[in-house]
Each structure stands twice: as C-alpha cells, then as structure tokens.
Visitor: 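Got a structure for you, questions after.
Count residues from 1 along the sequence. Values below: all heavy atoms of this structure, side chains included; hydrogens, waters and symmetry mates excluded. Computed from a predicted model, the values in this text were never measured in an experiment.
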Amino acid sequence: MTARSCPCGLPEAYEACCGRFHAGASAPTAERLMRSRYCAFVRRYGAYLLRTWHPRTRPERIDFDPGMRWTGLEILETGDGSAFHSTGTVTFRASYRGGSLHERSRFERVGGAWVYVDGDFLD
C-alpha cells in the first residue's frame, strides 16, 4: 500500500495518522478520535467504530450504506477534549457525494480512552 494523505483531512499518511488508532493505539484527544472514526466510516471499519463507542450508547452493529461515499471532513469547533479533560465536544461537517452531515459530537473518557457518546445534528 502506498502512503497517501489520510481520509480524515490531516496531511499525514494514513498509516501514521488514523491507521495507528485503527491498529490499536489510543487517540490522545477527542478531535483525533473523531477524525479516526470518520476515517473508519470511509474505510468501513465497523469493529473500530463499535470499540470506540461508549458502552451505554453503542449500537449492536454498524450497517454501512453501500452507496455512501464520504468525500471530506471539516472540523468546525472543539470544546475541551484534550489530555487534561474527561469530556469534550467536536463540531464537524462530513461531506458525502450528494450532501453533508453537520453534527456536534460528545466524547468521554472510559478507562482512560476517548469514546464517542452521541451527537446532535445541526442545520
């Protein structure tokens, strides 16, 4: 596999960016977890999405829409979510062929690792 920019929008190669989180490393911030989860949707890594979902809000499974093609991620705002916080929010716009998803996501630490709790759709 050749090195390409990561789907999450950062200028790093996938392997050095979200690939390391998909392989088992913990995301250091809520924003990096958000980016890695977007990348997991792009690559259809359901196991990673479930592993990084809060146990109290996690669905039983992830059903991917076979026609969905994600085309870009824009982080609009972050609130807390650093190594010094136990909660955080990330507001983003994820574009797909034919539209976009605008959401403010909530994250918490569980056992020291960031996990996605839930989100509010905006617009």
Side-chain angles (χ1 to χ4, degrees):
M1 178 181 245
T2 60
R4 299 179 308 181
S5 291
C6 191
C8 81
L10 294 178
E12 302 170 67
Y14 165 77
E15 293 77 10
C17 193
C18 293
R20 63 194 168 114
F21 305 129
H22 295 165
S26 292
T29 65
E31 179 183 339
R32 287 306 293 255
L33 180 65
M34 167 55 232
R35 288 180 178 279
S36 71
R37 286 176 56 81
Y38 168 82
C39 187
F41 273 104
V42 169
R43 291 176 166 247
R44 300 178 187 207
Y45 292 162
Y48 179 78
L49 292 167
L50 291 172
R51 188 172 79 240
T52 59
W53 210 309
H54 196 290
R56 78 170 180 264
T57 58
R58 179 188 307 136
E60 287 188 27
R61 66 179 194 277
I62 305 285
D63 293 321
F64 293 103
D65 177 347
M68 178 66 80
R69 296 292 176 262
W70 296 101
T71 59
L73 176 67
E74 180 183 8
I75 302 297
L76 303 172
E77 182 180 32
T78 61
D80 294 339
S82 78
F84 304 105
H85 299 107
S86 58
T87 63
T89 61
V90 179
T91 304
F92 68 92
R93 179 170 283 111
S95 299
Y96 55 87
R97 197 176 302 149
S100 68
L101 170 75
H102 187 193
E103 180 179 310
R104 180 175 298 112
S105 296
R106 284 179 283 281
F107 298 87
E108 291 180 11
R109 283 187 186 268
V110 172
W114 285 107
V115 293
Y116 170 79
V117 177
D118 61 15
D120 296 319
F121 294 115
L122 306 172
D123 286 347

Visitor: Measuring only between side-chain heavy atoms, which start at C-beta, is Cys8 closer than 4.5 Å to Ser36?
Guide: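 When only atoms from C-beta onward are counted, Ser36 and Cys8 do not touch, as no gap falls below 4.5 Å.
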Visitor: For a 4.5 angstrom cut-off between non-hydrogen side-chain atoms, does Ile62 reach Trp53?
Guide: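 Yes. Closest side-chain heavy atoms under 4.5 Å.
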Visitor: Looking at His85, is its backbone amide N or carbonyl O close enough to the side chain of Arg109 to form a donor-acceptor pair, meaning the two atoms are under 3.5 Å apart?
Guide: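 Yes, Arg109 side chain to His85 backbone: donor-acceptor pair under 3.5 Å.
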Visitor: Looking only at side chains, do Thr57 and His54 share a donor and an acceptor under 3.5 Å apart?
Guide: no
Visitor: Is any side-chain heavy atom of Leu33 closer than 4.5 Å to one of Ser26?
Guide: no
Visitor: Would you mind reporting whether Val117 and Arg56 have side-chain heavy atoms less than 4.5 Å apart?
Guide: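 Of all side-chain heavy-atom pairs linking Val117 with Arg56, at least one is under 4.5 Å.
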Visitor: Should Cys6 and Arg35 count as side-chain neighbours, where that means a heavy-atom distance under 4.5 Å?
Guide: no
Visitor: Less than 6.0 angstrom separating the ring centers of Tyr96 and Trp70, yes or no?
Guide: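 Yes, ring centres under 6.0 Å apart.
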Visitor: Considering only NZ, NE, NH1 and NH2 on the basic side and carboxylate oxygens on the acidic side, decide whether Arg106 and Asp118 come within less than 4.0 Å.
Guide: yes
Visitor: Answer yes or no: is there a side-chain heavy-atom contact under 4.5 Å between Val90 and Phe107?
Guide: yes
Visitor: Will you find, in the side chains of Ser105 and Glu103, an N or O donor that is under 3.5 Å from an N or O acceptor?
Guide: yes
Visitor: Would Arg20 and Glu12 pass as an ion pair if we require N to O under 4.0 Å?
Guide: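 Answer for the salt bridge query: no.
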Visitor: Is any side-chain heavy atom of Thr89 less than 4.5 Å from a side-chain heavy atom of Asp80?
Guide: no
Visitor: Does the pair Tyr14 and Cys39 meet the rule for a side-chain contact (heavy atoms from CB on, under 4.5 Å), with working shown?
Guide: CA-CA 9 Å; Tyr14 165 77; Cys39 187; 3.7 Å; yes
Visitor: Kindly say whether Arg97 contributes a backbone atom to a donor-acceptor pair with the side chain of Arg69 at under 3.5 angstrom?
Guide: no
Visitor: Decide, yes or no, whether a salt bridge links Arg37 with Glu31 under the criterion of side-chain N to carboxylate O below 4.0 Å.
Guide: no
Visitor: Take His102 and Phe121 through the test side-chain contact (heavy atoms from CB on, under 4.5 Å) and record every step on the way to the result.
Guide: CA-CA 6 Å; His102 187 193; Phe121 294 115; over 6 Å; no
Visitor: Look up atom CG in Leu49 and atom CZ in Arg61, then write down how far apart they are to the nearest 0.5 Å.
Guide: 14.5 Å
Visitor: Which residue, Tyr38, Phe41, Tyr48, forms the ring-ring contact (aromatic ring centres under 6.0 Å, His included) with His22?
Guide: Tyr48
Visitor: Side-chain contact, heavy-atom cut-off 4.5 Å: Phe92 with Leu73?
Guide: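 Yes; the side chains approach each other to less than 4.5 Å.
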Visitor: Are Met34 and Leu10 in one and the same hydrophobic cluster, where Ile, Leu, Val, Met, Phe, Trp and Tyr link if side-chain heavy atoms are under 4.5 Å apart?
Guide: no
Visitor: Counting N and O atoms only, with roles assigned by atom type, does the side chain of Arg104 sit under 3.5 Å from a partner on the main chain of Thr91, one being a donor and the other an acceptor?
Guide: no
Visitor: Is there a donor-acceptor pair under 3.5 Å between the side chain of Ser100 and the backbone N or O of Ala94?
Guide: no
Visitor: Starting at CZ of Arg93, measure out to CD1 of Ile75 and round the result to the nearest 0.5 Å.
Guide: 11.5 Å
Visitor: Would Tyr116 end up clustered with Leu122 when hydrophobic side chains under 4.5 Å apart are linked, directly or stepwise?
Guide: no
Visitor: For Tyr45, does the six-membered ring have the charged nitrogen or CZ of Arg51 within the cation-pi criterion, i.e. under 6.0 angstrom from the centroid and within 45° of the normal?
Guide: no
